[in-house]
Amino acid sequence: MRVLGITQARIGSTRLPKKILLKIENKTLLEYHLERALQSNKVTDWIVATTNEIDSNDIVEIAKNFGIKYFKGDTSNVLKRFYEATKLVERPDYVVRITSDCPLIDPKLIDHVIDFAIQNKLHYCRTSEQFPDGVDVEVFTYSILVDAYTNAILLSDKEHVTPFMRRKFENEASLFKFNEDYHHIRLTVDEMADFDAIKLLITKLGSKLIWREYTKYIEENESLFFNQKIVRNEGYIKSLEKDDK
């Protein structure tokens, strides 16, 4: 079974420019992200899908240092960039999508979702909203990616890669669930308050724990984390607003 993992990484960000190049203990957020992602036992190839933006070579250099393939593509049509990146490797059976603004992405969780998709013969699946924002994993067949690339029309579909797939294939059976709800917890980086939160977690706990340990620390020290009330998926919400115009 060939499983291709693709992480999206770009320089531009309206809320926090160059956020994945911010450093904690002399290491960029992108480096933390890739270190953790590469620990997956199920992903057979990794690609960093970046853009043609100025300064994106900084991302490329980090990918090279990790021995990871990279692809530079369209800035706004992320679906196109994502699809074209797959051409760097032999056609995969499944594709994993994660994003580089999640420095504490969990490799064990990545593997669990891959196993779930394969065992249940799913065209598309993802971590449910019960998981914190920042450990999100999506897994889908290559054929469904081709379908989305060929037929997606909406701006939001192209900016966010998988909404087309979700509408077509997502149901209760396609969601990888957890027995508790951590929807309210943020482990992603969209704003400076998020970066401060990740910095505190890594400084206090290190960068090698499972996602649940970081979540537990946030819950036990809620007054230290000022980012937990930020709206989840704000970027996608803004894309949907553009669809209506």
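The first residue in the sequence is number 1, and the count goes up from there. Worth saying up front: this structure is predicted, and the values here are computed from it rather than measured.
In plain terms, the two heavy atoms of Tyr217 and Leu201 that are nearest each other are CD2-CD2, 3.7 Å. The two residues Val43 and Gly5 have their closest heavy-atom pair at CG1-N, 3.4 Å. Scanning all heavy atoms of the two residues, the minimum distance from Ala85 to Ile47 falls at O-CD1, 3.2 Å. The two residues Ser174 and Leu122 make their nearest non-hydrogen contact at CA-CD1, 3.9 Å. Pairing each heavy atom of Phe164 with each of Ala152, the nearest pair is CD1-CA, 3.9 Å. Closest approach of Ile185 and Glu219 over heavy atoms only: CD1-CG, 4.2 Å.
Under a hydrophobic-cluster definition in which Ile, Leu, Val, Met, Phe, Trp and Tyr are linked whenever side-chain heavy atoms come within less than 4.5 Å, directly or via other members, Met1 and Val139 are assigned to the same cluster. Connection of Leu22 to Tyr214 is established within a shared hydrophobic cluster, with ILVMFWY side chains joined at heavy-atom distances below 4.5 Å, either directly or through further cluster members. When hydrophobic clusters are built by joining Ile, Leu, Val, Met, Phe, Trp and Tyr residues whose side-chain heavy atoms come closer than 4.5 Å, directly or via intermediates, Ile144 is not grouped with Val137. A continuous path of hydrophobic side-chain contacts links Leu200 to Tyr32 [ILVMFWY only; heavy atoms under 4.5 Å]. By the rule that hydrophobic residues join a cluster once side-chain heavy atoms approach within less than 4.5 Å of another member, Val161 and Val89 end up as members of one cluster.
Using a 4.5 Å heavy-atom threshold, the side chains of Tyr94 and Phe140 count as separate. Looking at Leu175 and Glu170, their side chains come closer than 4.5 Å, going by heavy atoms from C-beta outward. Between Lys80 and Lys158 there is no side-chain heavy-atom pair separated by less than 4.5 Å. Residues Leu21 and Ile11 form a side-chain contact, since some pair of their non-hydrogen atoms from C-beta on lies under 4.5 Å apart. Contact of the Leu16 side chain with the Asp190 side chain is not registered, since no non-hydrogen atoms from C-beta on lie closer than 4.5 Å. Put simply, the side chain of Val135 does not reach to within 4.5 Å of the side chain of Thr127, judged on heavy atoms. Contact check for Pro163 versus His160: side-chain heavy atoms found under the 4.5 Å cut-off.
By the salt bridge (charged side-chain N to carboxylate O under 4.0 Å, His left out) test, Lys18 is found to be paired with Asp55, residues two or more places apart in sequence or in another chain being considered. For Ser143, the side chain to side chain donor-acceptor pair (under 3.5 Å) test picks out Thr141, with sequence neighbours left out. For Glu180, there are no salt bridge (charged side-chain N to carboxylate O under 4.0 Å, His left out) partners at least two apart in sequence or on another chain. A search for ring-ring contact (aromatic ring centres under 6.0 Å, His included) contacts involving Tyr149 returns Tyr83, not counting sequence neighbours. For Thr28, the side chain to side chain donor-acceptor pair (under 3.5 Å) partners at least two apart in sequence or on another chain are Glu31. Listed by chain and number, the residues in a side chain to side chain donor-acceptor pair (under 3.5 Å) with Asp74 are Ser76 (sequence neighbours excluded). Considering only residues two or more places apart in sequence or on other chains, Lys168 meets the salt bridge (charged side-chain N to carboxylate O under 4.0 Å, His left out) condition with Asp147. Applying the side chain to side chain donor-acceptor pair (under 3.5 Å) rule to Glu172 yields the partners Lys177; only residues at least two apart in sequence or on another chain are considered. Phe195 meets the ring-ring contact (aromatic ring centres under 6.0 Å, His included) test with no other residue; sequence neighbours excluded. For Glu222, the salt bridge (charged side-chain N to carboxylate O under 4.0 Å, His left out) criterion is met by no residue, not counting sequence neighbours.
Atom CG of Asn26 has 12 or fewer heavy atoms from other residues, nucleotides or ligands within 6.0 Å. Around NZ of Lys72, the count of heavy atoms belonging to other residues, nucleotides or ligands within 6.0 Å exceeds 12. Summarising the local packing, CZ of Phe176 is surrounded by more than 12 heavy atoms from other residues, nucleotides or ligands at distances under 6.0 Å.
For the atom pair CG (Leu4) and CD (Glu90), the distance works out to 11.0 Å, reported to the nearest 0.5 Å. Of the inter-residue distances, the one linking Met165 atom CE with Thr162 atom OG1 reads 6.0 Å to the nearest 0.5 angstrom. Atom CG of Leu29 sits about 8.0 Å away from atom CD1 of Ile20, to the nearest 0.5 Å.
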Side chain to side chain contact (heavy atoms under 4.5 Å, CB included) evaluation trace for His33 with Val189: CA-CA 11 Å; His33 171 82; Val189 178; over 6 Å; no

In sequence, state the C-alpha distance, the side-chain angles, and the governing distance for Leu145 and Leu79, and then conclude on side chain to side chain contact (heavy atoms under 4.5 Å, CB included). CA-CA 9 Å; Leu145 174 60; Leu79 175 57; 3.9 Å; yes

Can you check side chain to side chain contact (heavy atoms under 4.5 Å, CB included) on Phe66 and Glu61, steps first, answer last? CA-CA 9 Å; Phe66 278 89; Glu61 287 305 310; over 6 Å; no

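A salt bridge does not link Arg97 with Asp136: none of the charged nitrogens is closer than 4.0 Å to a carboxylate oxygen. Using a cutoff of 4.0 Å between basic side-chain nitrogens and carboxylate oxygens, Arg126 and Glu129 are scored as salt-bridged. Electrostatic pairing of Glu35 and Lys208 does not count as a salt bridge here, judged by no charged N lying under 4.0 Å from a carboxylate O.
Between Tyr182 and Gln130, the side chains place no donor N or O within less than 3.5 Å of an acceptor N or O (distance only, hydrogens not considered). Between the side chains of Asn221 and Lys204, no donor-acceptor pair is found at a separation under 3.5 Å. Residues Arg2 and Tyr142 bring no donor and acceptor atom of their side chains to less than 3.5 Å of each other.
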Would you tabulate the side-chain donor-acceptor contacts of residues 224-231 under 3.5 Å, counting partners in other chains and residues two or more places apart, or write 'none'?
unit_1	atom_1	unit_2	atom_2	d
Asn227	ND2	Asp194	OD1	2.9
Gln228	OE1	Arg186	N	2.8
Gln228	NE2	Arg186	O	3.4

Please report, to 0.1 Å, the donor-acceptor pairs under 3.5 Å made by any side chain of residues 98-118, with sequence neighbours excluded.
unit_1	atom_1	unit_2	atom_2	d
Thr99	OG1	Asp101	OD1	2.8
Ser100	OG	Gln8	O	2.7
Asp101	OD2	Lys19	NZ	3.4
Asp106	OD1	Lys108	N	2.9
Asp106	OD1	Leu109	N	3.2
Asp106	OD2	Trp211	N	2.7
Asp111	OD1	Ser40	OG	2.5
Asp111	OD1	Asn41	N	3.3
Asp111	OD1	Lys42	N	3.2
Asp111	OD2	Asn41	N	2.8
Asp115	OD1	Lys42	NZ	3.4

